[in-house]
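What follows is one structure encoded as structure tokens, with my remarks underneath.
The shown structure was predicted, so the numbers you read here are calculated from the model rather than taken from an experiment. Every chain is numbered from 1 and lettered A, B, ... according to where its sequence line falls, protein lines coming before strand lines.
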Amino acid sequence: MSVDGVRQVARRDLGNRLFSAVLGSVLVLFLSLILLLLASNVIYLSQSRGPEGQTGWQLLLAAVRNPENLFAVRLSVATASITVLLALVIGLPAAYVLSRYRLPGSGVIDTVLDLPIVLPPPVIGISLLIFFQTPAGRWVDHITPQWAVATSNKVLSLLSGHAIEDALEWTYTTRGIIVAQFFVACSFGVRAIKAAFDTIGTRHEEVARTLGCTKRQAFFRVVLPMASAGIVAGTIMTWARAIAEFGPVLFFSGATRWKTAVLPVAMFLSFSAGDIEGAVALVLIMVAISAVTLLTFKKLGGRGYLW
Amino acid sequence: MSSTRRIVIITLVCVAAGAALLFVLRTANAATTLLVHAGAGIRPPLDELGTAFAKKTGIRVDYAYKGSGCLLADICFSKRGDVYIPGEVYYVEQAEKRGFVSSRKVVAQMSTVLIVQKGNPKNIRGVRDLTRPGLRVGIGDPKAIAAGRAANEVLVRAGVLDAVQKNIAMTALNVVELGIGVKLKHLDAAIVWDATAHLVRDEVETLEIPEAWRVDSPIPVAVLTFSKHRRDAERFVDFLASKQAREVFVKHGYGPPTKDTKQAARP
């Protein structure tokens, strides 16, 4: 190779490294921006002083022990978990159908399914408020049996640690939080679970069918066990999505202390009342919950295939 | 095309574009824009008055609408903006204590009223009826919004605070939500400002609250110390206190400011 050729190779090599370095530093920049944003909460807290001279950490501890905030955590975990169970009941069959069958108008179906995810959060909340004042909505209120209301009140009281005494109507209730979370969470769940079904392909169930399995047997004995890791991962992401839901809850359930104040709402309540330390404490709790959820998701083999 | 000519053309285009950009930026900067932190409940008259003020003076007014307490937190953090219009004197006093206020004026007044569904199906005749079992009552969050603090005070004065508690179906972070709740028939009654009731006047019925229990809340307007356009901000405040502005406030269901206003008790 001539000297010129060697130089050219060297220059190209340098160029390649420079290219990677530039792309890499953009990534690092963004990562540090996120971390800086989160860290500023901690820094703020570490410098703040309470009215009686408490340090920021004492304020944080007090906020964590504050029964109203504890209620917010328990209510959030409870509602998000129930929402996810419901989302699974709808999401599993819906995702399987979407993954396995060629449906007419699949573009339209896809669009409708994704709408709750991309729409601004208040849209679901406002639509729910409007729906429940139509005759159909009134009818839903009307046919809701008293025993179901009593049971849901009992379950939510037990899980949240505070007496919930909701009426027959669905608007402005604690169980309404689940309705408000459901639409976005379920859309999200269908996407995630469909991805799990898509990745395992159709071959195994076809083989099972040729070996004499019925469709039902193939689904329960082959597809479900194979997709289970992906389904669990998708479920966790759906849960994370549900617990972070704010707009729909605010509009449909209101921001009532000891009743509908889930974590994001409680944050806003604290902030609105000028209790910044309380809001920051809730922010840190929320960050911790989301981080643990995401780590679990990765651990279970979840990848960024949700979208 | 020779490469020299190309370079000359590109340079000319760049210079022209740069000049145009500078021109646009200069004209954009020529007009002052005031940033006004305002309570979300006062939006209708303020929007109208902002447009009228811009037409009259060429000074643009940008509003950041939120709950009054939320605004205070906002201002504490950002230390930005020219004018602060919370729904209540209390918040201006809080801002004053922190040294954020350079001058202030009262421009209008709101009073608490009781709203019920159209046709009054539950036959609610006053605040004391709110204790009746099974009613769905809405008030503002007493810690976070002015209307909530006022509603709490009305219930205290009427001596029914504890008895109404079990009927409170929702507390709102925005007083207008309560008007909508009654309008959509999700709530049987709510304690709101007369100006809120005015927004939904065609779909709800408004009941006066007796003067002994009623809470009046003057609407103060404050110029902020960190305003970079102090003179324009003061002009805007003067405009809001003018006779022309008063007519707009009254049109939207507000009362004119009075001197001896009863204030809600502070925590």
Checklist line | Residue-level contacts of residues 95-103 of chain B with chain A, using a heavy-atom cutoff under 4.5 Å | finding: none
Margin query: Just checking A/Gln58: does its CD atom have more than 12 heavy atoms from other residues, nucleotides or ligands closer to it than 6.0 angstrom?
Written below: yes
Item checked: Reported CZ-to-CG distance for the pair A/Phe271 and B/Leu173, which is rounded to 0.5 angstrom -> 12.0 Å
Next item on the list: Please round to the nearest 0.5 Å and tell me the distance separating atom CD1 of B/Ile180 and atom CD1 of A/Ile126.
Entry: 7.5 Å
Checklist line | Interchain contact, A/Ala167 with chain B, by part (heavy-atom threshold 4.5 Å) | finding: side chain
Notebook entry, point to check: Under the 3.5 angstrom rule, does the side chain of B/Lys143 hit a backbone N or O of A/Ser270 as a donor-acceptor pair?
Noted result: no
Next item on the list: Tell me, for A/Arg257 versus chain B, whether the close heavy atoms (under 4.5 Å) come from the side chain, the backbone, both or neither.
Entry: both
Checklist line | Within 6.0 Å of NZ in A/Lys154, more than 12 heavy atoms from elsewhere | finding: no
Next item on the list: Check the surroundings of atom CZ in A/Arg138: do more than 12 heavy atoms from other residues, nucleotides or ligands lie under 6.0 Å from it?
Entry: yes
Checklist line | Closest contact, heavy atoms only, A/Leu269 versus B/Asp141 | finding: CD2-OD1, 3.4 Å
Check: Taking the side chain as C-beta and beyond, is there a heavy-atom pair between A/Tyr172 and B/Leu187 under 4.5 Å?
Finding: yes
Next item on the list: Check whether more than 12 heavy atoms from other residues, nucleotides or ligands sit under 6.0 Å from atom CD of B/Gln165, and answer yes or no.
Entry: yes
Notebook entry, point to check: Given the rule in the side chain to side chain contact (heavy atoms under 4.5 Å, CB included) test, do B/His186 and A/Glu169 qualify, once you have shown the distances and angles that lead to the verdict?
Noted result: CA-CA 8 Å; B/His186 294 316; A/Glu169 292 89 349; over 6 Å; no
Notebook entry, point to check: chain A contacts: which residues in residues 117-131 of chain B have a non-hydrogen atom closer than 4.5 Å to it?
Noted result: none
Margin query: Within the 4.5 Å heavy-atom criterion, are A/Thr171 and B/Arg136 side-chain neighbours or not?
Written below: yes
